[in-house]
Amino acid sequence: MSQQLSSRVGMGVFCFSKEARMSERYEDTQIYRIRHSAAHIMAQAVLEFYPETKYTIGPPVENGFYYDFDLPQPITQEDLEKIEKRMRQIIAGGHVFQRKALSADEARQIFKDQPYKLELIDGLEKGGLDEYGNPLKEKPEISIYQHDTFTDLCRGPHVENTRQINPSAVKLMSIAGAYWRGDEKNKMLTRIYGTAWQKPDELKQYLQMLEEAKKRDHRKLGKDLDIFLFDDEVGPGLPLWMPNGGILIEELEKLAKEMEEKAGYSRVRTPNITKEDLFLRSGHLPYYAESMYPPMELEGVKYYIKPMNCPMHHKIFGARPRSYRDLPIRLAEYGTCYRYEKSGELFGLMRVRSMQMNDAHIYCAEEQFESEFMGVIDLYKKYFDLFGIDRYVMRLSLHAKAGLGKKYVDNERLWVKIEDMVRRAMQNGNVPFVEVENEAAFYGPKIDVQIWSAIGREFTLATNQVDFAVPERFDLKFTNKDGADEIPLCIHRAPLSTHERMIGFLIEHYAGAFPVWLAPEQARVIPITDGQNEYAAQVAAQLRAAGVRVSADLGGERMNAKIRSAQLMKVPYMLVVGANEADAGVVSLRMRDGSQQNNIPLAEFVTMVKEKIATRSSTL
RNA sequence: GCCGACGUAGCUCAAUCGGUAGAGCACCCGCCUUGUAAGCGGGCGGUCACGAGUUCGAGUCUCGUCGUCGGCUCCA
């Protein structure tokens, strides 16, 4: 059921289908060889233009490849064109890729002027480290690949001949910075990204898909649809929600409150700032300080803006004695939190500095854990069904031994035990998941739901976390059947993520065409001439009275222009009314998808819309 | 935070080699009275992100600040 998945393996929007992944590993495909070989050819071209370049690694990635260089000078977009041109020439040269196995010392001789390669050779030889510095299970054979004038330390595989690459299906995409071995303490290298396909048509399709993805980007749609904005004077990562965004938020909260009430949650409210003492007690300050806004000091006391709600919920749990009979206790709050994300990490609504979390904490005894934890997973599934979200991966995020005492609380025995509890719960519930090390919270393992933004960037949407450490720090306890004190487990969960990330995701998921219940404007009445303005206003008033979010477009434009503008705002229902409709008391319905139904009695339409809204229907 | 690119009206974009800003849409005002994605005309709107500097002269060149974008790092 579970499988190991390297966190480096992207599973983004343009990824191979699930079936393809299962039947053939990417590494074994011809396209992988093509991309890997294209990376070498690019490196050759770069070295020809900039001979002092020190080259590092250049693997295939999803949709293409990159190579990281330590260049003697910065390069520009125009340089990419000349590099690309030279690559085509090299490809046309019909050079053979030759593999050669050799000893570490022989390799050192070949790469004596290449410090990064020497470091890699050391890693391969001594520690059995791969190119990212991760430990390898077995000591690998050191090999080089050679083609034309270029030699690289490489385990392959490659195409046999450069002619197996179609020069019209290769394109250099962008220049980026990347730390050597992905460590921000190391030197920043220059990374060049390229894309490569078997056929020119595939390249064309891929580029078209990128264009399409841009149109779906929530940052663009959020502006076009008047959902949110960022203002320089307010600050980066601090979204302002316009009325349309406000509606989305209200609807999501309504949904969450309904579902949580059914699932036995109680709602609480807690302040936005607290004394330093609380976060010292919770252990967040040592682990989390750099993601927190700096404290404000008043009368000698430091206050922090909360980056999470848990410590305050813990206080509520601990406010009075608890019996095993009271458990589980489920405290829910749409809490507003602030996190100081580094400036370069901000990304539209998906990564912000102020956020409203669909937060709750479930305090339970160990024997209740599985049913509580899976209850949360059920909640996820209900939400995902409702939204029709099917492109996600559930990830069991585990600790890493090396991080104990630093990134993670230092109790390996408990880590292993609790991780196993989560693993078994998921397996018993028949929920597919992958396991990834070194992704846990500092207080315990979690199930994260990974999704991808329109442009293919990966995010954690929802999360379901076990906390076996912090309740103890807060002296949380309950009296068990035997009259003894017991420390509860705490489940932190956010199935609807934060409003910011959820709405960012939903904008892209629906490409702005929200289902009726979520749509900021559900219906727009469009008179054919201004002779029907009065009737249009009446229709709108009746719909409004029935709880429909509606407007009447009574401006001076022609009907066609009004329809166009309603279409652009992705309003689900357009009610076109002319003299005939006004006389008969009916409406002509044009739906967002272009379909039409004429002469619907207004009462009938009202009933239909109310039904769509009440059931949160996904269809128009 | 780091590397690189970019920043002109509310939005999308123009402005040769430096010679003191222009279009479409939106908005406002008219005319047209219209049947399922843009009717026509007119008007309003910009200390060219901000601050220094070079120059007779800067939207165009240099430096700094802020912000955005593509990545890296980090993450709900």
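Just so it is clear, the values below take in all heavy atoms, side chains as well, and ignore hydrogens, waters and symmetry mates.
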Which is true for [X] with a 4.0 Å heavy-atom rule: it touches a base, it touches only sugar-phosphate, or it touches nothing?
X: A/Gly531; result: nothing
X: A/Phe230; result: nothing
X: A/Ala176; result: base
X: A/Thr76; result: nothing
X: A/Ser343; result: base
X: A/Ala579; result: base
X: A/Lys223; result: sugar-phosphate
X: A/Asn580; result: base
X: A/Glu581; result: base
X: A/Leu461; result: sugar-phosphate
X: A/Lys446; result: sugar-phosphate
X: A/Ser497; result: sugar-phosphate
X: A/Arg339; result: base

Give a yes or no answer on whether the side chain of [X] reaches the backbone of [Y] with a donor-acceptor pair at less than 3.5 Å.
X: A/Gln597; Y: A/Leu589; answer: no
X: A/His218; Y: A/Leu349; answer: yes
X: A/Glu253; Y: A/Glu250; answer: no
X: A/Glu557; Y: A/Lys562; answer: no
X: A/Glu521; Y: A/Val571; answer: no

Is the phosphate of [N] approached by [X] (side-chain N or O, under 4.0 Å from OP1 or OP2)?
X: A/Ser174; N: B/rG71; value: no
X: A/Tyr288; N: B/rC74; value: no
X: A/Lys187; N: B/rC2; value: no
X: A/Lys342; N: B/rC72; value: no
X: A/Arg457; N: B/rG70; value: yes
X: A/Arg191; N: B/rC3; value: no

ask   = For the side chain of A/Gln465 and the base of B/rA76, is some donor closer than 3.5 Å to an acceptor across the two?
value = no
query = Does the base of B/rG35 carry an N or O that pairs as donor and acceptor with the side chain of A/Gln532 under 3.5 Å?
reply = no
inquiry  = Each nucleotide in nucleotides 37-45 of chain B should get exactly one letter: B, S or -. Can you fill that in based on protein heavy atoms under 4.0 Å?
reply    = BBB------
query = What side-chain hydrogen bond (donor to acceptor under 3.5 Å, both in side chains) pairs are there with at least one residue in residues 570-587 of chain A, not counting sequence neighbours?
reply = A/Glu581-A/Ser588
Which atom pairs, one a donor and one an acceptor, fall under 3.5 Å between side chains of residues 220-232 of chain A and the rest of the protein, sequence neighbours left out?
| from | atom 1 | to | atom 2 | distance (Å) |
| --- | --- | --- | --- | --- |
| A/Lys220 | NZ | A/Asp224 | OD2 | 3.0 |
| A/Asp231 | OD1 | A/Glu233 | N | 2.7 |
| A/Asp231 | OD1 | A/Val234 | N | 3.3 |

Contact list for residues 342-354 of chain A, test salt bridge (Lys or Arg N to Asp or Glu O under 4.0 Å), sequence neighbours left out = A/Glu184-A/Lys342, A/Glu341-A/Arg351, A/Glu345-A/Arg351
In a table with atom names and distances, give each donor-acceptor pair under 3.5 Å that connects a side chain of residues 460-468 of chain A to protein atoms at least two apart or in another chain.
| from | atom 1 | to | atom 2 | distance (Å) |
| --- | --- | --- | --- | --- |
| A/Thr460 | OG1 | A/Gln450 | OE1 | 2.7 |
| A/Thr460 | OG1 | A/Gln450 | NE2 | 3.4 |
| A/Thr463 | OG1 | A/Asp448 | OD1 | 2.7 |
| A/Thr463 | OG1 | A/Gln465 | NE2 | 3.1 |
| A/Asn464 | ND2 | A/Phe373 | O | 3.3 |
| A/Gln465 | OE1 | A/Tyr443 | OH | 2.4 |
| A/Asp467 | OD1 | A/Ala469 | N | 2.9 |
| A/Asp467 | OD1 | A/Val470 | N | 2.8 |
| A/Asp467 | OD2 | A/His492 | NE2 | 2.8 |

Listed nucleotide nearest any side-chain atom of [X], set [options]:
X: A/Ser588; options: B/rU36, B/rA76, B/rC72; answer: B/rU36
X: A/Ile528; options: B/rC75, B/rG35, B/rU73; answer: B/rG35
X: A/Asn598; options: B/rG70, B/rU73, B/rU36; answer: B/rU36
X: A/Met188; options: B/rC72, B/rG35, B/rU68; answer: B/rC72
X: A/Tyr179; options: B/rG70, B/rG1, B/rU33; answer: B/rG1

request  = Applying ring pair (Phe, Tyr, Trp, His ring centres under 6.0 Å), name anything that partners A/Tyr383, two or more places apart in sequence or on another chain.
outcome  = none
All ring pair (Phe, Tyr, Trp, His ring centres under 6.0 Å) counterparts of A/Tyr50, not counting sequence neighbours = none
key: Watson-Crick or G-U pairs under 3.5 Å in RNA chain B, rendered as dot-bracket with [ ] for crossing pairs and | for another strand   = (((((((..((((.....[..)))).(((((.......))))).....(((((..]....))))))))))))....
[N] to [M] separation - [atom1] atoms, rounded to the nearest Å:
N: B/rG19; M: B/rG39; atom1: P; result: 39 Å
N: B/rC17; M: B/rU55; atom1: C1'; result: 16 Å
N: B/rC48; M: B/rG7; atom1: C1'; result: 10 Å
N: B/rU47; M: B/rC11; atom1: P; result: 13 Å
N: B/rU8; M: B/rA58; atom1: C1'; result: 14 Å
N: B/rG22; M: B/rG71; atom1: C1'; result: 35 Å
N: B/rA9; M: B/rA21; atom1: C1'; result: 11 Å
N: B/rA15; M: B/rU36; atom1: P; result: 40 Å

key: Residue whose nearest RNA chain B nucleotide is more 5′ - A/Lys220 or A/Arg353   = A/Arg353
task = Please list, chain by chain and in numerical order, all residues satisfying salt bridge (charged side-chain N to carboxylate O under 4.0 Å, His left out) with A/Glu604, sequence neighbours excluded.
result = none
request  = Apply salt bridge (charged side-chain N to carboxylate O under 4.0 Å, His left out) to A/Glu260 and list each qualifying residue two or more places apart in sequence or on a separate chain.
outcome  = A/Arg267, A/Arg493
request  = Answer yes or no for A/Arg501 and A/Phe459: cation-pi contact, defined as NZ/CZ to six-membered ring centre under 6.0 Å and angle to ring axis within 45°.
outcome  = no
remark   = A/Leu221 CG to B/rU12 P, in whole Å, measures 13 Å
Shorter than 3.5 Å, N or O on both sides, protein versus nucleotides 59-65 of chain B: list them out with atom names.
none

side-chain hydrogen bond (donor to acceptor under 3.5 Å, both in side chains) involving A/Glu212 - partner list, sequence neighbours excluded = A/Lys215
